[in-house]
*Asks:* 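Structure in structure tokens, see below.
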Amino acid sequence: MGNTVKKVVQILQDPKLVRRIQETFGVKVISDFTKVIEDNDNELGNKNIIQQNGDILTSLATNPIKKRRKRRRQTAVASMDSPPSSPDSGTPPRDLPDIEVETYSLFDIYFKLASECGYEPFYVSFFPFVIWNIDTTLGRHMVFLWCLSMYVGQAAKSVFKLRRPSAPPVVRLEINEKLEMEYGFPSTHATVCTVIPFYIFYLTSWRYQGLFYPILVIALIWWISVCTSRIYLGVHSVLDVIGGFLVAIFMLSITIPFMETFDQFILYWSYYPLIAAAIVLFSIYIYPVENRWTMDRGDTCAILGVGLGVTIGFNLYGPFPDDILSGPFEVTLPSAQLVGFSILRFIVGILLILPNRFIMKLLCFRLLPSIMPTHGVEEVQKRPLVELPYKIIVYTSIGLQCIFVPAFFEMCGIGRFNN
């Protein structure tokens with residue numbers, strides 16, 4: 001039994017499986033740079049070399065409409081049993097040869113957009129939009145689940161220490177230094193794109209009338225697209241994605257039964273801000289630490305900061321009418337005025353938050369380096385006692401502001417509950 005499980009894990013972790021899936025979607029390695037340049041010396045009539053921002057692109061006169069040929073620099077990726085590289089590791093990544101890759105433009109664009117739906121910028125835009133324009137209860141629950149899922153997923157990567165699929169044979173279609181500094185298992189993209197859409201489906205299935213099948217279809221498309229994109233782009237193995245999915249199932253199974261209890265604590269417990277802050281600080285303290293500097297711990301602090309700020313904001317300013325009424329609510333098509341106000345609230349809200357981030361970041365980097373020890377680290381942004389407090393302070397303030405912004409909407413007459 002043990003050997004069978006081990007064999008299955010090896011198959012799912014095999015980078016050759018990722019490469020076969022990429023080839024299924026039309027990813028094809030044409031040649032390496034050296035060979036292509038030699039070919040161009042002999043066949044200048046067939047190919048033109050164009051210099052653009054330091055990268056060489058290949059333009060073929062007979063380029064098929066549905067395909068795009070472009071030269072990509074294959075990211076330096078070590079073998080799967082070696083630790084990720086980092087600027088402080090002392091072991092620079094291998095310089096792999098440049099390659100020319102042929103991809104279908106439709107798949108390339110679709111999966112890159114789908115992958116963006118798993119990154120923090122998407123969620124820190126999506127959550128405020130939901131809170132300001134759709135349902136404060138749903139928004140609060142999603143923020144809570146997002147923070148919990150990202151923390152567990154990121155910490156699990158440092159515990160399991162399983163590398164991303166090796167390249168070659170995998171073709172890296174997403175070039176990101178941060179990815180090469182992190183382990184791959186489990187995929188936090190897979191975790192979050194399972195937790196968020198399927199919790200939306202769960203909540204709206206009984207809270208709103210007539211949305212069961214539409215939301216189910218959206219959730220399935222969201223889930224499949226993001227999970228597949230991580231394999232297509234060559235940044236996760238099949239095992240990574242399955243691991244992220246299993247983490248999501250675990251998170252949903254232990255949180256959904258107690259979500260109403262969590263809500264009572266968040267909304268009505270007077271000591272919640274102090275207890276929540278203590279839990280977040282303790283979570284950061286016990287977070288698995290690498291021997292080298294990586295961005296994942298700081299990013300996790302930022303995510304926890306957003307969750308802390310949002311939930312404390314609800315405790316201080318809530319509950320909202322959405323939190324008092326349980327539904328089910330009748331769903332109607334939004335009017336043009338409602339759509340216009342929603343867009344206006346989102347734009348105004350973001351414009352109010354951005355200056356706060358800039359000001360708080362400036363204050364933190366002016367004050368923290370002068371009062372915190374350096375521990376021998378020259379770069380200010382890599383000092384733990386500067387980076388981590390900065391992330392917590394700045395993003396907690398952003399989370400708080402997300403909840404206080406509706407008060408400004410009400411004062412200006414564009415609040416959701418006034419229209």
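Computed from a predicted model, the values in this text were never measured in an experiment.
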*Asks:* Please report the C-alpha distance between Phe160 and Tyr183 in whole Å, then the side-chain angles of each, then the deciding distance to 0.1 Å, and finally whether the ring pair (Phe, Tyr, Trp, His ring centres under 6.0 Å) criterion is met.
*Replies:* CA-CA 8 Å; Phe160 288 105; Tyr183 293 101; over 10 Å; no

*Asks:* For Met259 and Tyr199: C-alpha separation, side-chain torsions, deciding distance, then whether side chain to side chain contact (heavy atoms under 4.5 Å, CB included) applies.
*Replies:* CA-CA 11 Å; Met259 193 60 76; Tyr199 185 78; 3.5 Å; yes

*Asks:* I'd like to check Ser397 versus Asn356 (side-chain heavy atoms, cut-off strictly below 4.5 Å). Are they in contact?
*Replies:*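 Yes, at least one pair of side-chain atoms sits under 4.5 Å.
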
*Asks:* Can you tell me how far CE of Met360 sits from CG of Leu363, rounded to the nearest 0.5 angstrom?
*Replies:* 6.0 Å

*Asks:* Taking all non-hydrogen atoms of both residues into account, name the closest pair between Val124 and Pro121 and its distance.
*Replies:*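 That closest heavy-atom pairing would be CG2-O, 3.4 Å.
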
*Asks:* Kindly indicate whether a cation-pi arrangement holds for Arg140 with Phe314, taking the cut-offs as under 6.0 Å to the six-membered ring centre and within 45° of the axis.
*Replies:* yes

*Asks:* Can you measure from CZ (Arg357) to CD1 (Ile359) and round to the nearest 0.5 angstrom?
*Replies:* 12.5 Å

*Asks:* Report yes if some heavy atom in the side chain of Arg230 is under 4.5 Å from a heavy atom in the side chain of Glu174; otherwise report no.
*Replies:* yes

*Asks:* Without hydrogens or angle criteria, can the side chains of Ser237 and Asp240 be said to hold a donor-acceptor pair below 3.5 Å?
*Replies:* yes

*Asks:* In Å, rounded to the nearest 0.5 Å, how long is the span from CZ of Phe201 to CG of Leu211?
*Replies:* 10.5 Å

*Asks:* With rounding to the nearest 0.5 angstrom, report the CE to OG1 distance, Met150 to Thr300.
*Replies:*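 OG1 of Thr300 is found 6.5 Å from CE of Met150.
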
*Asks:* When you measure from the side chain of Thr191 to the backbone of Gly244, do you find a donor-acceptor pair of N or O atoms at a distance under 3.5 Å?
*Replies:* yes

*Asks:* Side chains of Tyr268 and Asp263: any donor to acceptor distance under 3.5 Å?
*Replies:* no

*Asks:* Between Gly313 and Leu400, which heavy-atom pair has the shortest distance, and what is it?
*Replies:* N-CD2, 3.6 Å

*Asks:* With Phe127, which of Val306, Leu138, Ile196 fulfils side-chain contact (heavy atoms from CB on, under 4.5 Å)?
*Replies:* Ile196

*Asks:* Where is the tightest heavy-atom contact between Asn133 and Arg416, given as atom of each residue plus distance?
*Replies:* O-CD, 3.1 Å

*Asks:* Between Asp323 (side chain only) and Phe320 (backbone N and O only), is there a donor and an acceptor less than 3.5 Å apart?
*Replies:*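 Yes, because the side chain of Asp323 sits within donor-acceptor range (under 3.5 Å) of the backbone of Phe320.
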
*Asks:* Would you check if Leu344 and Val348 make a side-chain contact, meaning some heavy-atom pair closer than 4.5 Å?
*Replies:* yes

*Asks:* Is it the case that the side chain of Arg345 and the backbone of Pro406 share a donor-acceptor pair, with hydrogens and angles ignored and the cut-off at 3.5 Å?
*Replies:*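 Between the backbone of Pro406 and the side chain of Arg345 there is no qualifying donor-acceptor contact (under 3.5 Å).
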
*Asks:* Please answer whether the main-chain N or O of Glu120 pairs with a side-chain N or O of Trp146 as donor and acceptor at a distance below 3.5 Å.
*Replies:*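 Not a single qualifying donor-acceptor pair exists.
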
*Asks:* Compare every heavy atom of Gln401 with every heavy atom of Leu352, then report the nearest pair and how far apart it is.
*Replies:*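 What the structure gives for the nearest pair is O-NE2, 2.9 Å.
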
*Asks:* With side chains defined as the heavy atoms from C-beta onward, is the minimum distance between Tyr104 and Asp108 less than 4.5 Å?
*Replies:* no

*Asks:* Using a distance-only test with no angle check, is there a side-chain donor-acceptor pair under 3.5 angstrom linking Tyr151 and Ser283?
*Replies:* no

*Asks:* Write down the atom of Ser125, the atom of Phe346, and the distance for their closest heavy-atom approach.
*Replies:*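 Looks like O-CE1, 3.4 Å.
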
*Asks:* Go through Leu267 and Asn315 one step at a time and tell me if the side chain to side chain contact (heavy atoms under 4.5 Å, CB included) criterion holds.
*Replies:* CA-CA 5 Å; Leu267 292 174; Asn315 180 270; over 6 Å; no

*Asks:* Walk me through whether Cys402 and Ile353 qualify under side chain to side chain contact (heavy atoms under 4.5 Å, CB included).
*Replies:* CA-CA 7 Å; Cys402 282; Ile353 289 175; 3.5 Å; yes

*Asks:* Any donor-acceptor pair under 3.5 Å linking the side chain of Tyr395 with the backbone of Gly307?
*Replies:* no

*Asks:* Any donor-acceptor pair under 3.5 Å linking the side chain of His189 with the backbone of Cys227?
*Replies:* no

*Asks:* Under 6.0 Å from the CZ atom of Phe250, do we count more than 12 heavy atoms belonging to anything else shown?
*Replies:* no

*Asks:* What pair of heavy atoms forms the shortest contact from Val171 to Gln22, and how long is it?
*Replies:* O-NE2, 2.7 Å

*Asks:* Indicate, with yes or no, if the rings of Phe265 and Tyr272 have centres closer together than 6.0 Å.
*Replies:*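 Phe265 vs Tyr272: aromatic centres not under 6.0 Å.
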
*Asks:* Counting C-beta onward and ignoring hydrogens, is there a side-chain heavy-atom pair between Trp206 and Leu203 closer than 4.5 Å?
*Replies:* yes

*Asks:* Donor-acceptor pair, distance only, cut-off 3.5 Å: does the side chain of Arg19 make one with the backbone of Val170?
*Replies:*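 Flag not set: sc Arg19 to bb Val170 has no pair under 3.5 Å.
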
*Asks:* Please report the C-alpha distance between Trp223 and Phe245 in whole Å, then the side-chain angles of each, then the deciding distance to 0.1 Å, and finally whether the ring pair (Phe, Tyr, Trp, His ring centres under 6.0 Å) criterion is met.
*Replies:* CA-CA 10 Å; Trp223 171 57; Phe245 172 73; 5.5 Å; yes

*Asks:* Go through the steps for Phe122 and Tyr119 under the test ring pair (Phe, Tyr, Trp, His ring centres under 6.0 Å), then give the verdict.
*Replies:* CA-CA 6 Å; Phe122 169 76; Tyr119 282 115; over 10 Å; no

*Asks:* Looking at side-chain heavy atoms only, is the closest gap between Phe198 and Leu220 below 4.5 Å?
*Replies:* yes

*Asks:* Between Asp322 and Thr137, do the side chains contain a donor N or O and an acceptor N or O under 3.5 Å apart?
*Replies:*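 Their side chains do not contain a donor-acceptor pair, so the 3.5 Å distance test is not met.
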
*Asks:* Tell me, do Tyr285 and Leu281 make a side-chain contact under 4.5 Å, heavy atoms counted?
*Replies:*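 When only atoms from C-beta onward are counted, Leu281 and Tyr285 do not touch, as no gap falls below 4.5 Å.
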
*Asks:* Check this for me: does any side-chain nitrogen of one of Lys28 and Glu23 sit under 4.0 Å from a carboxylate oxygen of the other?
*Replies:*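 Here Lys28 does not pair with Glu23 in a salt bridge, since their nearest N and O are not under 4.0 Å apart.
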
*Asks:* How many angstroms lie between atom OG1 of Thr311 and atom CD1 of Ile403, to the nearest 0.5 angstrom?
*Replies:* 8.5 Å

*Asks:* Whether the side chain of Thr136 engages the backbone of Trp132 through a donor-acceptor N/O pair (distance < 3.5 Å, no angle test) should be reported.
*Replies:* no

*Asks:* Please determine whether the number of non-hydrogen atoms from other residues, nucleotides or ligands lying under 6.0 Å from atom CD of Gln10 exceeds 12.
*Replies:*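 Yes, CD of Gln10 has more than 12 neighbouring heavy atoms, counting only those of other groups under 6.0 Å.
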
*Asks:* Between Thr188 and Gln154, is there a side-chain heavy-atom distance shorter than 4.5 Å?
*Replies:* yes

*Asks:* Look at the side chain of Lys112 and the backbone N and O of Ile109, then say whether any donor-acceptor pair between them is shorter than 3.5 Å.
*Replies:* no

*Asks:* Mind running ring pair (Phe, Tyr, Trp, His ring centres under 6.0 Å) on Phe111 and Tyr232 for me, showing each step along the way?
*Replies:* CA-CA 7 Å; Phe111 285 127; Tyr232 170 84; 4.8 Å; yes

*Asks:* Could you walk me through whether Ile279 and Ile275 satisfy the side chain to side chain contact (heavy atoms under 4.5 Å, CB included) test, starting with their C-alpha distance in whole Å, then the side-chain angles of each, then the deciding distance to 0.1 Å, before giving a yes or no?
*Replies:* CA-CA 6 Å; Ile279 292 174; Ile275 300 300; 3.9 Å; yes

*Asks:* Measuring from Phe129:CZ to Ile350:CD1, what's the distance to the nearest 0.5 Å?
*Replies:*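 Answer rounded to 0.5 Å: 10.5 Å.
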
*Asks:* Tyr110 pairs by side-chain hydrogen bond (donor to acceptor under 3.5 Å, both in side chains) with which of Ser229, Ser225, Ser105?
*Replies:*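 The single option meeting the side-chain hydrogen bond (donor to acceptor under 3.5 Å, both in side chains) with Tyr110 is Ser225.
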
*Asks:* With no hydrogens and no angle check, just 3.5 Å: does a side-chain donor-acceptor pair link Tyr208 and Asp135?
*Replies:* yes

*Asks:* Would the distance check show the side chain of Arg164 and the main-chain N or O of Val235 forming a donor-acceptor pair, the cut-off being under 3.5 Å?
*Replies:*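 Pair found, side chain donor or acceptor close to backbone of Val235.
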
